[in-house]
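Report on one structure; see the data block that follows.
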Amino acid sequence: MSHEQTVKLHDHLFRLIIPYSRLEKAIGEVASRINSDYNDKERPLFIGVLNGSFMFMSELLKNIEFECEVSFIKIASYNGIANSQNISELIGLTSELRGRHVIIVEDIVDTGHSIDHLLRSVSALGPASIAVATLILKPDVYDKKHKIDYCAIEVPDKFIVGFGMDYDQLGRNLKGIYEIADE
Ligand code: IMP
Ligand code: MG
């Protein structure tokens with residue numbers, strides 16, 4: 001299944017746009033940059049945002065050469081009562097973040113709403129530094145201030161699946177990245 005050029009998920013057809021060989025190379029390059037930026041930092045903590053980040057985290061961490069910790073969270077967003085800002089609840093966060101160097105690992109940054117909320121919640125916990133590493137960025141859509149520190153691959157504004165990302169829970173197991181082909 002993972003080497004097919006097209007794949008049908010639910011009611012849509014998707015076409016391979018990024019084969020695993022290109023993902024492997026691009027993720028290796030991101031890891032090299034992180035290796036040189038963090039090798040003098042004390043035990044950095046990678047935090048993956050579930051579910052989509054699991055494959056990127058796995059491939060990235062195979063290439064990380066310094067001593068580090070790895071953790072995963074889920075986010076649940078809700079509207080705060082006192083103001084109109086969205087707040088993110090970090091589910092599953094067990095590590096103390098105060099004074100830590102945190103690298104948030106995401107599958108995709110699209111509009112940036114999720115990462116924006118997440119950064120607000122994580123910075124409130126007092127880390128020494130926060131960076132964002134994402135497998136995919138859609139630069140034409142991203143409209144938030146925070147610079148995305150590490151991005152493996154940029155894509156145009158089309159819905160994609162694979163390598164952790166889903167269409168209604170299907171497609172996460174695809175080894176390449178596929179773009180919607182029939183709309
Ligand atoms: P945001 O627009 O940056 O807040 O993206 C929110 C979340 O929507 C991402 O973390 C993904 O889980 C999901 N998402 C955004 N764009 C895509 C896509 O093209 N394919 C699959 N999931 C997506
Ligand atoms: Mg996500």
Side-chain angles (χ1 to χ4, degrees), residues 1-2 4-20 22-23 26-27 30 45-61 70-80 83-93 102-124 130-183:
M1 184 182 177
S2 57
E4 299 296 335
Q5 291 298 308
T6 59
V7 56
K8 184 141 194 263
L9 302 171
H10 298 297
D11 52 339
H12 281 295
L13 195 66
F14 292 82
R15 150 180 81 231
L16 180 67
I17 54 162
I18 308 169
Y20 176 68
R22 190 174 153 210
L23 292 173
I27 295 168
V30 165
L45 171 62
F46 290 87
I47 301 180
V49 184
L50 290 172
N51 293 326
S53 71
F54 72 97
M55 258 198 215
F56 176 42
M57 179 71 100
S58 162
E59 190 70 40
L60 182 69
L61 268 283
V70 184
S71 182
F72 286 93
I73 56 168
K74 284 210 175 210
I75 46 178
S77 295
Y78 57 92
N79 285 310
N83 56 44
S84 58
Q85 281 191 333
N86 271 317
I87 318 255
S88 302
E89 191 188 341
L90 311 177
I91 301 167
L93 188 68
V102 171
I103 302 157
I104 295 173
V105 178
E106 267 281 21
D107 51 353
I108 179 166
V109 175
D110 189 352
T111 63
H113 292 317
S114 324
I115 200 70
D116 205 48
H117 299 157
L118 189 55
L119 285 168
R120 218 174 291 146
S121 305
V122 171
S123 34
I130 316 179
V132 175
T134 187
L135 174 63
I136 301 286
L137 175 69
K138 291 183 182 169
D140 300 340
V141 193
Y142 181 66
D143 69 349
K144 296 290 183 290
K145 283 198 308 287
H146 182 88
K147 184 175 135 288
I148 302 302
D149 307 84
Y150 305 99
C151 166
I153 291 179
E154 296 188 350
V155 301
D157 180 20
K158 284 263 201 143
F159 190 78
I160 56 173
V161 295
F163 213 75
M165 289 174 287
D166 73 303
Y167 166 47
D168 200 8
Q169 300 308 325
L170 294 183
R172 295 192 195 276
N173 57 313
L174 294 166
K175 201 175 174 181
I177 288 182
Y178 292 69
E179 177 185 271
I180 194 155
D182 58 0
E183 60 158 38

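In this text the structure is predicted, and so the values were computed from the model without any measurement. Ligands are counted one by one from 1 in listed order, and the atoms in each one are counted from 1 as well.
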Taking the side chain as C-beta and beyond, is there a heavy-atom pair between [X] and [Y] under 4.5 Å?
X: Leu90; Y: Val122; result: yes
X: Phe163; Y: Leu23; result: yes
X: Asp182; Y: Ile180; result: yes
X: Leu60; Y: Phe46; result: yes

- Query: Regarding Glu59 and Tyr20, is there a side-chain donor-to-acceptor distance under 3.5 Å anywhere?
  - Reply: yes

Proximal atoms of ligand 1 relative to [X] (non-hydrogen, under 4.0 Å):
X: His113; answer: 3 (O), 4 (O)
X: Asp166; answer: 21 (C)
X: Ile160; answer: 18 (C), 19 (O), 20 (N), 21 (C)
X: Ser114; answer: 1 (P), 4 (O), 5 (O), 6 (C), 7 (C)
X: Asp107; answer: 10 (O), 12 (O)
X: Glu106; answer: 10 (O)
X: Ile108; answer: 9 (C), 10 (O), 11 (C), 14 (N), 16 (N), 17 (C), 18 (C), 19 (O), 23 (C)

- Query: Does Gly112 have a heavy atom less than 4.0 Å from any atom of ligand 1?
  - Reply: yes

- Note: Lys138-Asp110 ion pair, threshold 4.0 Å (strictly below): yes

- Does the N or O separation between Val109 and ligand 1 drop below 3.5 Å for any pair? no

- Task: Would you tell me which option among Lys138, His117, Arg172 has the nearest heavy-atom contact to atom 19 (O) of ligand 1?
- Result: Lys138

- Below 6.0 angstrom between ring centroids: does that apply to Tyr167 and Phe14? yes

